[in-house]
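Shown next, in structure tokens, is the structure this report addresses.
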Amino acid sequence: MARSERFLSVAEDQLDAVTGLSGSGPAFIYLVMEALADGGLAAGLPRTLALDLAIQAVAGAAEMAASTREHPALLREMVASPAGTTIAGLVVLEGAAVRSAFINAVKTAAARSKELSGE
């Protein structure tokens with residue numbers, strides 16, 4: 001399947017934020033993939049299968065978000081059934097402030113970009 005290219009235009013004063021999100025973001029997602037795979041390993045899956053499943057989960061989620069253009073919160077709600085496995089895991093992630101950690105990681109990377117540019 002061919003990937004559609006989208007070119008985005010940003011103002012110069014947004015470049016540090018772009019660096020924090022788009023430039024550093026892949027490393028943050030790799031960390032997520034690693035953690036998901038380690039969770040699968042801890043739950044009893046062989047390492048290679050756990051990593052393959054983690055990669056597919058991230059790729060599938062990204063493809064769904066890109067193809068539907070729906071807000072990620074709506075997509076998350078579509079996956080999390082009441083009293084199910086997904087909502088149980090989401091409660092753990094929210095309790096660990098994962099969302100805030102990602103927000104702060106992007107903001108910190110953006111601030112570091114600004115610092116490195118000499119501003």
Side-chain angles (χ1 to χ4, degrees):
M1 174 192 290
R3 190 173 66 123
S4 65
E5 296 291 332
R6 293 185 64 221
F7 296 97
L8 305 174
S9 177
V10 298
E12 188 172 344
D13 66 348
Q14 296 174 325
L15 290 178
D16 294 317
V18 170
T19 298
L21 175 58
S22 191
S24 299
F28 304 156
I29 299 305
Y30 297 143
L31 181 68
V32 169
M33 288 191 310
E34 179 186 9
L36 288 172
D38 286 348
L41 187 67
L45 295 174
R47 181 175 299 281
T48 55
L49 177 58
L51 183 56
D52 286 344
L53 291 171
I55 291 167
Q56 288 302 313
V58 171
E63 179 60 32
M64 178 67 82
S67 67
T68 65
R69 307 303 298 167
E70 293 287 354
H71 192 279
L74 178 61
L75 296 173
R76 177 184 42 79
E77 288 174 6
M78 291 168 54
V79 175
S81 55
T85 59
T86 303
I87 197 66
L90 287 169
V91 167
V92 171
L93 293 173
E94 290 292 348
V98 169
R99 181 193 318 254
S100 293
F102 276 104
I103 291 168
N104 289 331
V106 171
K107 288 171 52 179
T108 300
R112 181 65 177 144
S113 175
K114 187 172 186 170
E115 189 178 283
L116 290 172
S117 70
E119 290 182 31

Q. From E70 CD over to R76 CZ, what is the distance, rounded to the nearest 0.5 angstrom?
A. 13.5 Å
(Q) Quick one: does any side-chain atom of S117 pair with a main-chain N or O of K114 as donor and acceptor, under 3.5 Å? (A) yes
Q.
Return the CG to CZ distance between L90 and R99, rounded to the nearest 0.5 Å.
A. 9.0 Å
Q | Minimum-distance pair of heavy atoms, taken over all atoms of A37 and A54 | A | N-CB, 3.8 Å
Q | Within one Ile-Leu-Val-Met-Phe-Trp-Tyr cluster: V58 and L93, side-chain cutoff 4.5 Å | A | yes
Q: Answer yes or no: does atom OH of Y30 have more than 12 heavy-atom neighbours from other residues, nucleotides or ligands under 6.0 Å?
A: no
Q. When clusters are formed from ILVMFWY side-chain contacts under 4.5 Å, directly or step by step, what else is grouped with L75?
A. M64, L74, M78
Q. Any side-chain heavy-atom pair from L51 and E34 closer than 4.5 angstrom?
A. no
Q.
Do I103 and I29 sit in one hydrophobic cluster, given that two such residues count as connected whenever their side-chain heavy atoms are within less than 4.5 Å of each other, even indirectly?
A. no
Q: Could you pull out the closest heavy-atom pair between G20 and A109, with the gap in Å?
A: CA-CB, 3.7 Å
Q) Is the number of heavy atoms from other residues, nucleotides or ligands within 6.0 Å of CZ (R47) greater than 12? A) no
Q. When Ile, Leu, Val, Met, Phe, Trp and Tyr are grouped by side-chain heavy atoms lying under 4.5 Å apart, directly or through other members, which residues fall in the same group as L53?
A. L45, L49
Q: Group every Ile, Leu, Val, Met, Phe, Trp and Tyr by side-chain heavy-atom contacts under 4.5 Å, then state whether L21 and F28 land in the same group.
A: yes
Q | Which atom of D16 lies closest to which atom of S113, heavy atoms considered | A | OD1-OG, 2.7 Å
Q) Would a 4.5 Å heavy-atom cut-off, applied to side chains only, mark M33 and L36 as touching? A) no
Q: Answer yes or no: is there a donor N or O on one side and an acceptor on the other, between the side chain of T19 and the main chain of L15, under 3.5 Å?
A: yes
Q. Other hydrophobic cluster members with L31, side-chain heavy atoms of Ile/Leu/Val/Met/Phe/Trp/Tyr under 4.5 Å, chained?
A. none
